[in-house]
2 protein chains.
Amino acid sequence: MQQESNEMTMGNTCDITHSMLAKEEDIDRASRSLKAISHPLRLKILCVLGDQEVNVQDIVDSVGTSQSNISQHLAILRDKGILTSRKDANRVFYRVGDYRTLRLISMMQEVFCPAH
Amino acid sequence: MQQESNEMTMGNTCDITHSMLAKEEDIDRASRSLKAISHPLRLKILCVLGDQEVNVQDIVDSVGTSQSNISQHLAILRDKGILTSRKDANRVFYRVGDYRTLRLISMMQEVFCPAH
DNA sequence: TTATTTTATTTATGTATGCTAATATAGGCG
DNA sequence: CGCCTATATTAGCATACATAAATAAAATAA
């Protein structure tokens, strides 16, 4: 009620103000996606993927937990729309779904990695 | 083991590649912070705050849940380093801790809000 | 066909999280 | 001082989450 689409009531919607992510549904969608990626293994999966397409076994080898566990985390990321998958013969390749998500990850790198 | 600081083995560390967030501790720190903000109420709190300083009661009024609940969520955000607090008389003012986090939130707005 | 590889799903269990209600702390006011 | 307001903390409970183990499904190879 209090927060109803105040991006309409303010002139500039691109700068950093209290009108960020104003709509309830946007907030819910954002928090769902963030929750999906805010897990060490899933974040690591996203880092392993980057802008590339990688199959499950390679992800397992890179991340270092059980195949079952990786598969479950991949399912979470796919179900939440973070990843897309493509089947080639008996292997499944995963990649980050869209460029904006890649940019978000890159942004997180800037925020969370001291070197940047 | 597999993922050990591959930002050192690649030339360009700023573009979008599979070397994102390479170090284990960076990943853990990032996932902790993301987990902290990946909750509808906490995200809403961050949106209400924006780049401003707001006291608890105003946050309660804007977000719309119990004072106790808001207080717990504020404590989570403060403990994870997302927010800082300042006490003025008998009121406590919260604000987003650093500009980089604000930029991350702004980035999420771009990613998750269709209008942008 | 059977066997093997790759990936997904199910089940069970321990742990963490979120919420409410009640209580506590702390400052300001009369 | 007592009372009120603002904020924090605690306890209890319900739900969600993370993981491992076992099994299933699907494609390939022999």
Side-chain angles (χ1 to χ4, degrees), chain A residues 2 24 27-49 52-97, chain B residues 2 24 27-46 48-49 52-95 97:
Chain A
Q2 299 89 342
E24 200 76 24
I27 289 181
D28 288 344
R29 195 156 39 87
S31 61
R32 267 194 301 273
S33 295
L34 287 175
K35 187 174 186 180
I37 71 176
S38 66
H39 182 279
L41 287 183
R42 293 199 285 270
L43 206 47
K44 206 168 176 182
I45 288 172
L46 292 175
C47 294
V48 167
L49 289 180
Q52 295 188 311
E53 195 181 44
V54 184
N55 68 13
V56 178
Q57 190 53 53
D58 285 353
I59 297 173
V60 170
D61 294 340
S62 295
V63 173
T65 179
S66 70
Q67 178 271 319
S68 168
N69 198 8
I70 289 290
S71 181
Q72 291 173 74
H73 285 300
L74 287 173
I76 291 172
L77 289 169
R78 178 167 31 76
D79 293 348
K80 300 294 173 57
I82 308 293
L83 298 183
T84 60
S85 64
R86 177 182 67 87
K87 196 164 194 174
D88 181 18
N90 66 342
R91 284 186 293 184
V92 179
F93 290 81
Y94 283 87
R95 78 178 319 150
V96 176
Chain B
Q2 299 89 342
E24 200 77 23
I27 289 181
D28 288 345
R29 196 156 40 85
S31 61
R32 267 195 299 274
S33 295
L34 287 175
K35 186 175 186 179
I37 71 177
S38 66
H39 182 278
L41 285 182
R42 293 198 286 269
L43 206 47
K44 205 167 176 181
I45 288 171
L46 292 175
V48 167
L49 289 180
Q52 294 187 311
E53 195 181 45
V54 184
N55 68 11
V56 178
Q57 190 53 53
D58 285 353
I59 298 173
V60 171
D61 294 341
S62 293
V63 173
T65 178
S66 70
Q67 179 271 321
S68 169
N69 197 10
I70 288 289
S71 182
Q72 292 174 74
H73 285 301
L74 287 173
I76 291 172
L77 289 169
R78 177 167 33 74
D79 293 348
K80 300 295 173 57
I82 309 293
L83 298 183
T84 60
S85 63
R86 177 181 68 87
K87 195 162 194 175
D88 181 18
N90 66 341
R91 284 186 292 184
V92 179
F93 290 82
Y94 282 87
R95 77 178 320 149

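Numbered from 1 within each chain, the chains take letters A, B, ... in sequence-line order. Only a predicted model underlies this, so the values are computations on that prediction, with no experimental measurement involved.
Among residues at least two apart or in separate chains, side chain to side chain donor-acceptor pair (under 3.5 Å) pairs with a member in residues 30-39 of chain A are A:Ser38-B:Ser38. Counting only residues at least two apart or in different chains, salt bridge (charged side-chain N to carboxylate O under 4.0 Å, His left out) contacts with residues 71-83 of chain B are absent. Pairs of residues two or more places apart, or lying in two chains, that qualify as salt bridge (charged side-chain N to carboxylate O under 4.0 Å, His left out) and include a residue from residues 82-93 of chain B are B:Glu53-B:Arg86.
When rounded to the nearest whole Å, the span between NZ of A:Lys35 and C1' of D:dA18 equals 12 Å. Between the CZ atom of B:Phe93 and the P atom of D:dA8 there is a distance of 12 Å, given to the nearest Å. Rounded to an integer number of Å, the gap from A:Ile70 CD1 to D:dA18 C1' is 13 Å. Nucleotide D:dT7 holds its P atom 14 Å from the CG atom of B:Leu83, rounded to whole Å. Per the geometry, CG belonging to A:Leu43 stands 16 Å off C1' belonging to D:dA18, to the nearest Å. One can place CD1 of A:Ile76 at 14 Å from P of D:dA16, the figure rounded to the nearest angstrom.
B:Ile27 approaches A:Lys44 most closely through the heavy-atom pair CD1-CG, 3.7 Å. Considering every non-hydrogen atom in both A:Thr84 and A:Gly97, the closest pair reads CG2-CA, 3.9 Å.
For A:Gln57, the side-chain hydrogen bond (donor to acceptor under 3.5 Å, both in side chains) partners two or more places apart in sequence, or in a different chain, are A:Asp61. Under the side-chain contact (heavy atoms from CB on, under 4.5 Å) criterion, A:Asn69 pairs with A:Leu41, A:Thr65, A:Ser66, A:His73, sequence neighbours left out. Every residue meeting the side-chain hydrogen bond (donor to acceptor under 3.5 Å, both in side chains) condition with A:Ser68, not counting sequence neighbours, appears here in chain and number order: A:Gln72.
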Using a cut-off of under 3.5 Å, enumerate the N/O to N/O pairs linking the protein to nucleotides 9-12 of chain D.
| from | atom 1 | to | atom 2 | distance (Å) |
| --- | --- | --- | --- | --- |
| D:dT9 | O4 | B:Ser68 | OG | 2.8 |

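Taking 4.5 Å as the limit, some side-chain heavy atom of A:Leu83 sits within range of a side-chain heavy atom of A:Val96. Counting heavy atoms from C-beta outward, A:Ile76 and A:Ile82 have side chains that stay 4.5 Å or more apart.
Residue contacts for B:Tyr94: at a heavy-atom cut-off of 4.0 Å it reaches the sugar-phosphate backbone alone, with no base atom in range.
The backbone N or O of B:Gln67 sits nowhere less than 3.5 Å from a side-chain atom of B:Ser71 that would complete a donor-acceptor pair.
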| said: Can you build the contact string for nucleotides 25-30 of chain D? Use B for base contact, S for sugar-phosphate-only contact, and - for no protein heavy atom under 4.0 Å. | reply: -SSS--
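Of the residues near DNA chain D, B:Leu74 and A:Arg42, the one whose nearest nucleotide (by heavy atom distance) lies more toward the 5' end is B:Leu74.
Interface limits on DNA chain C: the 5'-most and 3'-most nucleotides within less than 4.0 Å of chain A heavy atoms are C:dT5 to C:dT10.
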